[in-house]
There are 2 protein chains.
Amino acid sequence: MLTHAAEDYLKSIYKLQEKGGKVSTGILAEFLDVKPASATGMIKKLKTMKLVRYERYRGVTLTAAGKAVALEIIRHHRLLELYLFKALGVPWDGVHEEAEKLEHVISEDVEARMDEYLGYPTADPHGAPIPDKNGVVIQTDSVPMTELKDGQSCVVAEVSDSDSALLRHIGSFNLYPGTAFRVVEVAPFEGPFTIDIAGQEAVIGREVAKHIFVEQVQDPDNV
Amino acid sequence: MLTHAAEDYLKSIYKLQEKGGKVSTGILAEFLDVKPASATGMIKKLKTMKLVRYERYRGVTLTAAGKAVALEIIRHHRLLELYLFKALGVPWDGVHEEAEKLEHVISEDVEARMDEYLGYPTADPHGAPIPDKNGVVIQTDSVPMTELKDGQSCVVAEVSDSDSALLRHIGSFNLYPGTAFRVVEVAPFEGPFTIDIAGQEAVIGREVAKHIFVEQVQDPDNV
DNA sequence: AAATAAATTTAGGCATGACTAAATTATACA
DNA sequence: TGTATAATTTAGTCATGCCTAAATTTATTT
Ligand SMILES: [Mn+2]
Ligand SMILES: [Mn+2]
Ligand SMILES: [Mn+2]
Ligand SMILES: [Mn+2]
């Protein structure tokens with residue numbers, strides 16, 4: 001069996017190689033909050049297990065076996081987040097931390113039972129896709145809210161889940177995945193977004209908007 | 001924070017000192033399936049943390065602080081067992097193994113939410129008492145089924161929870177905690193017990209009976 | 001093409017938590 | 001009261017997974 005640490009490395013490599021192919025030791029180390037030397041050490045171990053491809057100074061990528069493990073852990077994480085949220089009422093800014101520990105520990109049986117209880121869901125409380133039990137991920141084509149223009153309407157697809165305070169802030173506007181809103185005004189010179197959520201106006205700063213991803217963008221004349 | 005290993009040692013010392021005061025290194029090591037030398041090492045570490053009292057060759061006992069930690073972990077374990085059983089339908093012979101890993105990992109928040117969901121229960125699926133959040137344990141005075149005589153009636157109070165196959169076997173007779181039965185016959189020469197469970201007769205071997213604890217024992221003439 | 005800067009690797013260490021083998025202490029009994 | 005036996009401790013190892021500091025390699029700039 002893999003250690004918790006090895007699983008977290010594989011998960012991180014998966015996420016980083018999604019946006020940008022080969023993953024450098026430094027990027028991986030920064031993402032995991034360890035030193036590059038520690039990352040090199042683990043990468044070598046993962047290579048002997050044939051879970052990653054690696055050439056020194058050339059970055060690392062997952063093998064098919066490594067990707068399968070990564071997706072398995074990501075599936076655990078996101079199912080757990082949704083389960084904690086729906087079944088136990090853990091607030092959406094608390095589920096990530098909890099799932100980060102539980103993901104390494106639950107059995108396949110418990111995974112399957114949560115999946116069934118939740119009705120085979122496809123997204124976690126932050127809108128991130130839950131890989132199915134065969135490791136198939138449904139990709140959506142969402143864009144950062146910062147790309148929106150005056151008058152456009154859209155639906156929240158996903159929000160970054162790692163910063164708890166940011167999630168509480170976003171939650172205070174009711175901007176959960178699935179929530180529809182319309183851009184009332186984008187202030188000039190990189191200014192904030194004024195939006196209309198079910199008749200309620202809210203002002204969203206650019207730093208926050210970077211972490212909100214939307215889809216189904218419609219211009220007002222297309223309605 | 002304590003390591004998983006330290007928590008398991010404290011939990012084990014608690015359980016062993018319940019029946020017999022001071023706990024010897026050998027007994028503790030056997031219980032945890034490690035070598036005595038390993039137990040000595042951990043005991044020394046726990047002593048520096050003031051969680052146990054210990055003098056070499058003289059056995060070990062928990063301090064108040066150590067007992068509090070032990071009860072906290074036991075509470076996690078038993079709440080988790082019951083939660084997995086009731087909320088996710090994990091069979092009663094599977095909950096122990098799962099809880100053994102989860103007990104070290106769940107937050108106080110999740111503990112409290114499970115407790116609420118379950119209606120502040122006082123016993124796990126095997127009948128073992130769940131310490132309350134202040135560490136108070138409700139003690140019951142149950143006796144091993146092997147002490148029963150012909151004609152006596154009783155209710156199952158608790159069954160040993162660590163042997164999965166044994167639990168499946170006991171479950172096949174529906175001998176869950178709370179189940180009432182009457183002893184039809186105790187075969188002589190250390191023979192098996194024939195019992196009546198809601199009109200259904202079952203024969204229970206002595207080895208199995210050792211692991212079933214009963215209470216509210218009544219002789220037939222007292223009814 | 002060198003020189004500098006950045007990234008990465010190597011070497012050496014530390015803390016955990018297990019192990020085996022050998023030495024020590026306690027206990028049991030003759 | 002000594003001696004055999006059993007229990008326990010000590011000493012020395014090993015594997016993980018992290019760290020820092022120094023050496024090495026690659027990338028960038030002039
Ligand atoms: Mn994790
Ligand atoms: Mn998430
Ligand atoms: Mn445990
Ligand atoms: Mn139990």
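Owing to the predicted nature of the structure, the values given are computational and were not obtained by experimental measurement. Residue numbers begin at 1 in each chain, while the letters A, B, ... track the order of the sequences.
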> For A:Thr25, which contact category applies under a 4.0 Å heavy-atom criterion: base, sugar-phosphate, or nothing?
Replying inline: sugar-phosphate
>> If the condition is ring pair (Phe, Tyr, Trp, His ring centres under 6.0 Å), which residues does A:Tyr176 pass it with, not counting sequence neighbours?
In response: A:Trp92
>> Can you measure A:Leu46 atom CG to D:dT16 atom P for me and round it to whole angstrom units?
In response: 12 Å
Atom pairs and distances, donor-acceptor, side-chain atoms in residues 14-43 of chain B, under 3.5 Å, two or more places apart:
{"unit_1": "B:Gln17", "atom_1": "OE1", "unit_2": "B:Leu62", "atom_2": "N", "d": "3.1"}
{"unit_1": "B:Ser24", "atom_1": "OG", "unit_2": "B:Ile27", "atom_2": "N", "d": "3.2"}
{"unit_1": "B:Thr40", "atom_1": "OG1", "unit_2": "B:Pro36", "atom_2": "O", "d": "3.2"}

>> Measure NZ/A:Lys22 against C1'/C:dA7 and give the value in whole Å, please.
In response: 15 Å
> Could you give all pairs that pass the side-chain hydrogen bond (donor to acceptor under 3.5 Å, both in side chains) test and reach residues 136-147 of chain A, with sequence neighbours left out?
Replying inline: none
> Taking all atoms of both residues into account, what is the closest heavy-atom pair of B:Val203 and B:Pro192, and its distance?
Replying inline: CG1-CB, 3.8 Å
> Within the pair B:Ser24 and D:dA7, is there a side-chain N or O less than 4.0 Å away from OP1 or OP2?
Replying inline: no
List the atom pairs, with distances to 0.1 Å, where a side-chain N or O of residues 112-120 of chain B and a protein N or O form a donor-acceptor pair under 3.5 Å, not counting sequence neighbours.
{"unit_1": "B:Arg113", "atom_1": "NE", "unit_2": "B:Asp109", "atom_2": "OD1", "d": "3.2"}
{"unit_1": "B:Arg113", "atom_1": "NE", "unit_2": "B:Asp109", "atom_2": "OD2", "d": "3.0"}
{"unit_1": "B:Arg113", "atom_1": "NH1", "unit_2": "A:Leu88", "atom_2": "O", "d": "3.1"}
{"unit_1": "B:Arg113", "atom_1": "NH1", "unit_2": "A:Gly89", "atom_2": "O", "d": "2.9"}
{"unit_1": "B:Asp115", "atom_1": "OD2", "unit_2": "B:Arg75", "atom_2": "NH2", "d": "3.1"}

Between the protein and nucleotides 2-6 of chain D, which nitrogen or oxygen pairs are less than 3.5 angstrom apart?
none

> When the distance from CG of A:Leu32 to C1' of D:dG17 is rounded to whole Å, what number comes out?
Replying inline: 12 Å
>> If the condition is side-chain hydrogen bond (donor to acceptor under 3.5 Å, both in side chains), which residues does B:Lys210 pass it with, not counting sequence neighbours?
In response: B:Glu207
Compile the donor-acceptor pairs under 3.5 Å between side chains in residues 64-74 of chain A and protein atoms, sequence neighbours left out, one pair per line.
{"unit_1": "A:Glu72", "atom_1": "OE2", "unit_2": "A:His76", "atom_2": "NE2", "d": "2.9"}

> Partners of A:Phe193 by ring pair (Phe, Tyr, Trp, His ring centres under 6.0 Å), sequence neighbours excluded?
Replying inline: none
Protein N or O to nucleotides 25-27 of chain D N or O, pairs below 3.5 Å:
{"unit_1": "D:dT25", "atom_1": "O4'", "unit_2": "A:Tyr57", "atom_2": "OH", "d": "3.1"}

>> If the condition is ring pair (Phe, Tyr, Trp, His ring centres under 6.0 Å), which residues does A:His104 pass it with, not counting sequence neighbours?
In response: A:His4
>> Does anything in residues 77-87 of chain A form a side-chain hydrogen bond (donor to acceptor under 3.5 Å, both in side chains)? List the pairs, not counting sequence neighbours.
In response: A:His77-A:Glu81, A:His77-A:His96, A:His77-A:Glu103, A:Glu81-A:His96, A:Glu81-A:His126, A:Tyr83-B:Tyr83
Please produce a list of atom pairs where a protein N or O lies less than 3.5 Å from an N or O of nucleotides 17-21 of chain C.
{"unit_1": "C:dG17", "atom_1": "OP1", "unit_2": "B:Thr3", "atom_2": "OG1", "d": "2.4"}
{"unit_1": "C:dA18", "atom_1": "OP2", "unit_2": "B:Tyr9", "atom_2": "OH", "d": "3.4"}
{"unit_1": "C:dC19", "atom_1": "OP2", "unit_2": "B:Lys35", "atom_2": "N", "d": "3.0"}
{"unit_1": "C:dC19", "atom_1": "OP2", "unit_2": "B:Ser38", "atom_2": "OG", "d": "2.6"}

